[in-house]
Amino acid sequence: MELIDGKKISQEIKDECKAKAEELIKAGKTPCLAVILVGNDPASSIYVGNKKKACEYCNIKSLSYELPESTSEQELLDLIDKLNNDKEVNGILVQLPLPKHIDENKVIAKIDPSKDVDGFHVSNVGALCVGQEGFVSCTPAGIIQLLKRSNVDISGKRCVVIGRSNIVGKPMALLMLKENATVTICHSKTADLKAVASEADILIVAIGKPRFVGPEYVKDGAVVIDVGIHRDENNKMCGDVDFEKVKDKVSLITPVPGGVGPMTIAMLMNNVIEACERY
Ligand code: NAP
């Protein structure tokens, strides 16, 4: 068994972004990300803080809008409108989840697709679906980078994705299809999940259930990507895969922490640079 080192690969990507940002700045274009946080959810504040730190590292300017919980939907839509029209802003990120009185779909739909660096706008999702250029959701885009930079050959392989969320499972399946894998998507209604999962050469798990996937779901020599992030009863971080029980069966596996997690922010930086280059 070998580990896929997400920390190292994400660092490589951030360093590449930093070098590209320097070139862009020399050419008179400063990459700039606007980050909007509504309310004071502690986890969201940490994520936003990490995104701002990554921007600083990569020479990307970040504009921060920290709005009170009481912000109305219209006020948020007006801010997005302003940022859509601001030529200095290349990327707009609205930290989710939003307070209950604000419709997330309306907010995502308001973001100019050419600034939608999270890749959540239906135009970008549609572009991915039909093979056109657009922004791709950062976590699945990061997983493709983990596989490619670990020299995993994707073309022709059997890939099983467990989970069909709009943010991870669905775009993940489309990206693996684009890389010419034969893709199966599983979800909570899949019959005999163990039998389907254990056919995979590449198994990607995004269920949101701690240590759910044990050795009976994994084919000998498979590559396993664990998207889950949890804290167990001892406050220890773990994924959706029972790492200790499957590690001797696999050829390559992502650890939690240090696997998929660090890739999400690295790919966000990559999307901001792309937005600036395309502008
Ligand atoms: P989600 O929206 O809750 O989706 C979970 C998916 O798993 C759903 O499609 C669900 O099926 C399926 N599922 C649930 N129980 C199942 C079961 N027993 N058998 C088969 N399928 C089952 O979760 P998500 O947003 O995709 O996130 C998944 C995990 O990844 C979470 O732990 C999350 O914290 C983590 N995550 C990590 C990152 C990162 O940066 N590393 C980013 C995003 C998410 P149905 O559709 O039928 O309900």
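Atoms within a ligand are numbered from 1 in the order they appear, just like the ligands themselves. These figures come from a predicted structure and were not determined experimentally.
For CD of E56, the number of neighbouring non-hydrogen atoms (other residues, nucleotides, ligands) closer than 6.0 Å is 12 at most. For E88, the CD atom is loosely surrounded, since the number of other residues' heavy atoms within 6.0 Å does not exceed 12. Within a 6.0 Å radius of OH in Y47, other residues, nucleotides and ligands contribute 12 heavy atoms or fewer. Heavy-atom neighbours of K29 NZ from other residues, nucleotides or ligands within 6.0 Å: above the threshold of 12. Within 6.0 Å of the CG atom in N40, the count of heavy atoms belonging to other residues, nucleotides or ligands does not exceed 12.
Heavy-atom distances between V260 and ligand 1 reach below 4.0 Å in at least one pair. In this structure, I207 counts as a contact residue of ligand 1, since one of its heavy atoms falls inside 4.0 Å of the ligand. Taking 4.0 Å as the cut-off, G261 counts as a neighbour of ligand 1 on heavy-atom distance. Using a 4.0 angstrom heavy-atom cutoff, A206 counts as in contact with ligand 1.
Each of K20, E22, K18 was compared with N59 under the side chain to side chain donor-acceptor pair (under 3.5 Å) criterion, and only E22 meets it.
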- Task: Determine, step by step, whether E244 and K236 satisfy the salt bridge (Lys or Arg N to Asp or Glu O under 4.0 Å) criterion, reporting the C-alpha distance in whole Å, the side-chain angles of both residues, the deciding distance to 0.1 Å, and the verdict.
- Result: CA-CA 13 Å; E244 283 306 317; K236 194 174 170 242; over 6 Å; no
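In this structure, T264 contributes its side chain and C138 its backbone to no donor-acceptor pair below 3.5 Å. The backbone N or O of C32 sits less than 3.5 Å from a side-chain atom of N90, completing a donor-acceptor pair. Using a distance-only test at 3.5 Å, with no hydrogens or angles considered, a donor-acceptor pair links the side chain of N84 to the main chain of D112.
Closest heavy-atom approach to atom 25 (O) of ligand 1 within the set P210, P257, P140, S165: this belongs to S165. By heavy-atom distance, the residue among C186, G142, G208 lying nearest atom 31 (C) of ligand 1 is G208. Of the candidates Y217, F212, Y47, the one placing a heavy atom closest to atom 17 (C) of ligand 1 is F212.
Interface of G163 with ligand 1, defined as ligand atoms under 4.0 Å from a residue heavy atom, comprises 6 (C), 7 (O), 9 (O). The ligand atoms of ligand 1 that sit less than 4.0 angstrom from a heavy atom of V168 are 26 (O), 43 (C), 44 (C). Here is the list of ligand 1 atoms found below 4.0 Å of a heavy atom in H230: 32 (O). Ligand-side atoms of ligand 1 in range of G228: 29 (C), 30 (O), 32 (O), 35 (C), range being under 4.0 angstrom from any heavy atom.
Taking distance alone, with nitrogen or oxygen atoms compared against 3.5 Å, K189 stays at or beyond that limit from ligand 1.
Nearest protein heavy-atom contact of atom 46 (O) of ligand 1 is R164 NE, 2.7 Å. Looking from atom 42 (C) of ligand 1 to the surrounding protein, the closest heavy atom is T139 OG1, 3.3 Å. In terms of protein heavy-atom proximity, atom 15 (N) of ligand 1 is closest to K209 NZ, 2.8 Å. For atom 21 (N) of ligand 1, the nearest protein heavy atom (residue, atom name, distance) is H187 C, 3.1 Å. Nearest protein heavy-atom neighbour of atom 11 (O) of ligand 1: S188 N, 3.2 Å. Closest to atom 30 (O) of ligand 1 among all protein heavy atoms lies V227 O, 3.4 Å.
At a heavy-atom distance under 4.0 Å, only side-chain atoms of T264, from C-beta outward, approach ligand 1. Here L193 has side-chain heavy atoms under 4.0 Å from ligand 1, and that is the only part of it that gets that close. Residue I229 touches ligand 1 through backbone and side chain together, judged by heavy-atom distances below 4.0 Å. When non-hydrogen atoms are compared, ligand 1 lies under 4.0 Å from neither the backbone nor the side chain of M263.
Cluster annotation: V183 and I167 are assigned to the same hydrophobic cluster (Ile/Leu/Val/Met/Phe/Trp/Tyr, side-chain heavy-atom contacts under 4.5 Å, transitive).
Salt-bridge check for D103 with K106: failed, with every basic side-chain N at 4.0 Å or more from each acidic carboxylate O.
Minimum interatomic distance between A21 and P31 (heavy atoms only, all atoms of both residues): CB-CG, 4.0 Å.
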